[in-house]
Amino acid sequence: MDLLAGLEPPPPAREEIGPGAVLLRGWALPRVEDLLVTLAQVTAAAPFRRMMTPGGFEMSVAMTNCGPAGWVTDRSGYRYASQDPLTGLPWPPLPEIVRDLARVAAAEAGYAGFDPDACLINQYEPGARLTLHQDRDERDKGHPIVSLSLGLPATFQFGGLKRTDPVRRVALAHGDVVVWGGPSRLFHHGVLPLKDGVHPLLGARRINLTLRRAF
Ligand code: MD3
Ligand code: FE
């Protein structure tokens with residue numbers, strides 16, 4: 001008897017969702033437990049905090065960083081900083097498991113030699129969102145970006161080079177990894193407000209790690 005009769009076939013492991021953008025569904029699942037232990041160590045040293053935009057609004061997403069370069073925003077603007085403004089200390093080092101995962105995922109997507117120095121960690125609670133924006137604070141925008149989603153699923157939006165370009169929606173789930181390179185690197189993107197829910201490992205939240213070469 002075929003227990004799978006009538007069910008959808010599994011989605012492909014490697015899916016091109018835009019020019020140069022590759023979705024690796026569930027790719028991080030085998031390493032999630034180790035990642036969560038590592039993440040707890042990072043956030044104990046550099047806690048999540050809601051930062052202020054240059055316009056004076058507190059972001060709904062709480063953030064922290066690890067690695068030599070940490071993304072920060074305050075009234076004076078967006079930038080990468082080597083110290084955590086909250087503690088005055090350097091950001092926690094980039095954990096080997098995170099660096100490794102980003103390198104291997106980038107290579108898998110066709111971007112060999114990716115060597116990230118920045119890991120932004122975003123924490124979404126229900127209702128938190130990220131409005132459409134471009135990632136433009138990195139020195140050399142030729143490097144790809146690797147993102148890893150954990151916890152509750154989210155609807156990711158991505159458009160094009162122009163803010164008014166049509167926007168596509170992609171569901172991102174626990175364990176999904178996306179590599180954004182080539183033309184997609186400068187596409188507008190955002191995250192719709194997180195829906196209520198409870199994830200068995202992470203509770204009522206989504207965590208996204210974004211790995212970049214910033215300096
Ligand atoms: C597409 N974070 O931190 S990760 C961000 O889920 C950010 O927390 C989102 O956008 C999140 O800046 C999305 C996926 C992502 C990251 C960078 C991109 C998609 C991208 C750069 C270009 C195009
Ligand atoms: Fe972004």
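Just follow the structure's listing: the first ligand is 1, and inside any ligand the first atom is 1. What you are looking at is a predicted structure, and each value in this text was computed from that prediction instead of being measured.
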Under 30°, 30 to 60°, or over 60°: which ring-plane class applies to His189 and Trp180, parallel, tilted or perpendicular?
-> parallel

Quick one: look at Trp71 and ligand 1, take heavy-atom pairs under 4.0 Å, and tell me if it's side chain, backbone, both or neither.
-> neither

Give the atoms of ligand 1, by number and element, whose distance to some non-hydrogen atom of Leu130 is under 4.0 Å.
-> 2 (N), 5 (C), 7 (C), 9 (C), 10 (O)

When you look for heavy atoms under 4.0 Å from ligand 1, do you find them on the side chain of Ser184, its backbone, both, or neither?
-> backbone

Ligand 1 and Ser147, any nitrogen or oxygen pair closer than 3.5 angstrom?
-> no

With heavy atoms only and a cut-off of under 4.0 Å, state how Arg212 meets ligand 1: side chain, backbone, both or neither.
-> side chain

Just jot down the ligand 1 atoms closer than 4.0 angstrom to any heavy atom of Val191, in number order.
-> 6 (O), 9 (C), 11 (C)

Under-4.0 Å heavy-atom contact with ligand 1, by part of Arg206 that carries it = side chain

How far is atom 21 (C) of ligand 1 from its nearest protein heavy atom, and which residue and atom name does that atom have?
-> His189 CE1, 3.3 Å

How about His133 and His188: are their ring centroids closer than 6.0 Å?
-> no

Only heavy atoms count here, so choose which of Phe158, Trp180, Phe187, Tyr78 is nearest to atom 20 (C) of ligand 1.
-> Trp180

Write out the residue and atom name of the closest protein heavy atom to atom 3 (O) of ligand 1, then the distance separating them to 0.1 Å.
-> Asn122 ND2, 3.0 Å

Which bit of Val61 is near ligand 1, meaning a heavy atom under 4.0 Å away: side chain, backbone, both or neither?
-> neither

Shortest protein heavy-atom distance from atom 8 (O) of ligand 1, along with the residue and atom involved = Tyr124 OH, 2.6 Å

Examine ligand 1 and decide if any of its atoms is less than 4.0 Å from a heavy atom belonging to Gln134.
-> no

Identity and separation of the nearest protein heavy atom to atom 13 (C) of ligand 1 | Phe156 CE1, 3.4 Å

Part of Arg185 with heavy atoms under 4.0 Å of ligand 1, whether side chain, backbone, both or neither | backbone

Do Val177 and Glu108 have side-chain heavy atoms sitting under 4.5 Å apart?
-> no

Does Val178 reach ligand 1, in the sense of a heavy atom lying below 4.0 Å from it?
-> no

